[in-house]
Amino acid sequence: RCNKSRRTFMFVTLSRLSRTRSNMAASSACPSTSSRLSQGVEVLLVRHAQSTNNLIYPDVYAQLGPDEVAVRAECEKRRHRDAPLSQVGRQQAECLAERLSHQLADRKPLLISSPMQRALDTLYPSAKALGLLGSPRSTGSNSADPSMARDVGLEAVDVDGDDGDDGDDRALDFGSEVLPNEPWWCYGDFYEVGGCYFQSDAFPGRTRSELEQAYGVRCVSVPAKGWYARGEARETHDQARRRCQRVFYWLLALLETVVRGDDHDCVVLLGHGDFLCQLLERMVRGSTQHLRGTVFAHANTGVTRLQFIPTRGFVLLEFNSLSHLERPLQLGGHPTQDSWSNLLPQGTALLDLVASPQVYPDALLPRDLDEQVAALLAVHGLGKGQDVVKAKGQGVAESPKSSSSSTTHVLVQTDVGVVGYARAVVAKQGEPAAVPSSADVGAQRTLTPTTAAWVETVVVAPGWRRRGIATALITSLGKHSPAPALTVNPTGCSEPALAFFNRVGFEANDSSLCSLVRRTGLS
């Protein structure tokens with residue numbers, strides 16, 4: 001059932017496949033350190049194949065319908081604390097192994113799996129097909145061996161402890177230890193959000209020796225008594241986000257080490273939907289801020305490909321590729337199949353999340369906000385330097401400028417970014433200002449020198465109108481203006497623009513200029 005017709009790696013010849021891994025490594029020239037630093041290293045993020053837990057949600061959803069509270073409660077009663085693969089999941093794992101064995105045939109990959117059964121069972125066939133399996137380990141023999149590892153600057157630690165306790169085994173934690181030369185790892189901190197739990201009870205999970213015996217894998221950051229032995233209860237989402245940040249730093253240290261060596265040229269991380277979503281968010285956005293309302297949904301065995309450039313970041317090249325699966329096996333990527341919608345905000349509509357206006361008087365906007373404002377103006381066909389008013393998409397205006405004028409920026413920001421922006425220019429007292437008239441009048445006048453605040457721009461993002469944002473922007477400008485009044489001069493005097501400004505307290509000032517004035521003390 002694997003998809004062979006769409007594979008892009010079928011160009012590999014039989015003679016090429018027949019070569020041993022050692023022959024391929026010896027025949028390929030190792031790029032220089034400077035070349036590796038500039039080119040970086042490839043990273044593949046892969047979600048596990050279908051597990052028996054993945055079968056629960058669509059079944060319960062079909063019975064209970066869109067009542068998410070009831071659906072989640074019923075799913076919690078049926079789930080397995082460390083679920084195995086389903087029959088379909090085993091097929092998906094074999095298809096993934098066939099893809100990776102071709103795609104990485106002439107590479108030196110490092111395979112890293114979550115300690116959960118469904119993840120290890122998914123990646124094990126790939127490790128076997130690539131010839132990466134280590135010899136089964138006996139209990140107590142899994143500490144880092146300096147003779148079998150490449151020193152990256154600091155000495156190795158005793159990962160087991162002298163008395164057989166839970167020893168941390170945090171190999172390469174923030175780049176502080178040795179990098180074992182085994183290319184097949186189980187990383188203990190890479191489990192799914194929640195940990196090893198059933199309802200309110202937590203379980204330690206399989207021990208380090210059990211994992212190493214079963215999969216011939218090198219355990220990293222796996223306590224001796226079980227991969228979730230440190231967990232006293234079900235992991236909360238806040239705890240998971242903090243763990244994800246630790247994993248992100250750990251991964252950065254690992255990749256920096258890999259790119260400076262010659263042991264590996266590709267890193268494959270196989271994990272879980274929710275946790276991969278959080279990790280990918282940090283990788284592509286370079287931020288620890290949670291982006292509410294956005295979910296990176298991986299289907300079962302979906303492959304995301306990135307390039308890591310040291311000291312610079314990640315380039316997203318491909319997302320959730322399923323080219324190795326025929327259509328019937330492409331499962332787990334739809335909200336009704338795998339509860340992806342549960343990762344969205346609960347109880348509050350996204351478009352109702354409006355923050356209080358932020359004011360930047362006579363100051364440059366921070367770069368990230370300036371870029372968002374420019375994008376918002378571009379939506380309305382406006383440039384950053386244009387003197388315009390577009391209140392709810394209606395009307396334009398021009399304002400006075402002088403060498404001593406100041407600018408006040410007001411914006412409304414939510415979890416999706418800046419959704420409202422207003423700008424006013426204050427002409428200092430004693431500075432005469434030439435005010436261009438509207439296009440309809442075609443004349444120019446010079447006002448008597450005075451302190452005046454002119455509203456230049458009011459824009460609201462599409463989808464966020466009729467939520468009081470424009471009114472909040474105008475009110476905030478008035479409260480922070482040193483002038484006794486705000487003046488707006490909407491070119492064209494369109495009825496919708498005039499109606500809006502009337503609603504927020506503006507009154508006619510000069511009918512020939514279509515000029516409106518609002519006292520700054522109004523709320």
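None of the values given here were measured: they were computed from a predicted structure. What you see below is based on every heavy atom in this structure, not just the backbone, and it leaves out hydrogens, waters and symmetry mates.
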How far apart are the C-alpha atoms of V419 and V460, what are their side-chain angles, what is the distance that settles it, and do they pass the side chain to side chain contact (heavy atoms under 4.5 Å, CB included) test? CA-CA 6 Å; V419 297; V460 177; 5.9 Å; no
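- Panel note: side chain E192, backbone G271; no donor-acceptor pair is recorded below 3.5 Å.
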Stepwise, does the side chain to side chain donor-acceptor pair (under 3.5 Å) test hold for R423 with T408? CA-CA 6 Å; R423 180 176 67 227; T408 298; over 6 Å; no
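- Formation of a donor-acceptor pair under 3.5 Å by the Y61 side chain with backbone atoms of D67 is not found in this model.
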Evaluation steps, side chain to side chain contact (heavy atoms under 4.5 Å, CB included), between L254 and Y249: CA-CA 9 Å; L254 170 67; Y249 286 145; over 6 Å; no
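- The one candidate from L45, V46, V303 that meets the side-chain contact (heavy atoms from CB on, under 4.5 Å) condition with V268 is V46.
- Within the 4.5 Å cutoff, the side chain of V222 has no heavy atoms near those of the Y187 side chain.
- Among residues two or more places apart in sequence or in another chain, the side-chain contact (heavy atoms from CB on, under 4.5 Å) test is passed with L317 by R305, Q307, V315.
- Listed by chain and number, the residues in a side-chain contact (heavy atoms from CB on, under 4.5 Å) with D238 are T236, R241, R242 (sequence neighbours excluded).
- Between the side chain of N320 and the backbone N or O of A299 there is at least one donor-acceptor pair closer than 3.5 Å.
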For side chain to side chain contact (heavy atoms under 4.5 Å, CB included), just list the numbers for C75 and R72, CA-CA rounded to whole Å, side-chain angles, deciding distance to a tenth of an Å, and then say yes or no. CA-CA 5 Å; C75 287; R72 287 198 301 271; 5.6 Å; no
In sequence, state the C-alpha distance, the side-chain angles, and the governing distance for H48 and S114, and then conclude on side chain to side chain contact (heavy atoms under 4.5 Å, CB included). CA-CA 9 Å; H48 64 80; S114 153; over 6 Å; no
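- Taking the six-membered ring for Trp and the full ring otherwise, the centers of F190 and H272 sit at least 6.0 Å from each other.
- Using a 4.0 Å cut-off between charged nitrogen and carboxylate oxygen, R367 and E371 count as a salt-bridge pair.
- Note that CG of L331 is 8.5 Å distant from CG of L325, once rounded to the nearest 0.5 Å.
- Neither side chain, R47 nor H298, offers a donor N or O lying under 3.5 Å from an acceptor on the other.
- We find that R107 and E42 are joined by a salt bridge, their nearest charged nitrogen and carboxylate oxygen being less than 4.0 Å apart.
- A heavy-atom distance below 4.5 Å is not found between the side chains of V410 and Y360.
- Geometrically, R243 engages F275 in a cation-pi contact defined by less than 6.0 Å to the ring centre and at most 45° from the axis.
- By the 30° and 60° cut-offs, the orientation of the rings of Y421 relative to H409 is parallel.
- We find the CH2-CG distance between W185 and L270 to be 16.0 Å, quoted to the nearest 0.5 Å.
- Counted by atom type alone, H324 and T301 present one or more donor-acceptor pairs between their side chains at under 3.5 Å.
- Shown here are the side chain to side chain donor-acceptor pair (under 3.5 Å) partners of S51, two or more places apart in sequence or in another chain: N54.
- One distance of note links CG of N300 with OG1 of T122; it measures 8.0 Å at 0.5 Å rounding.
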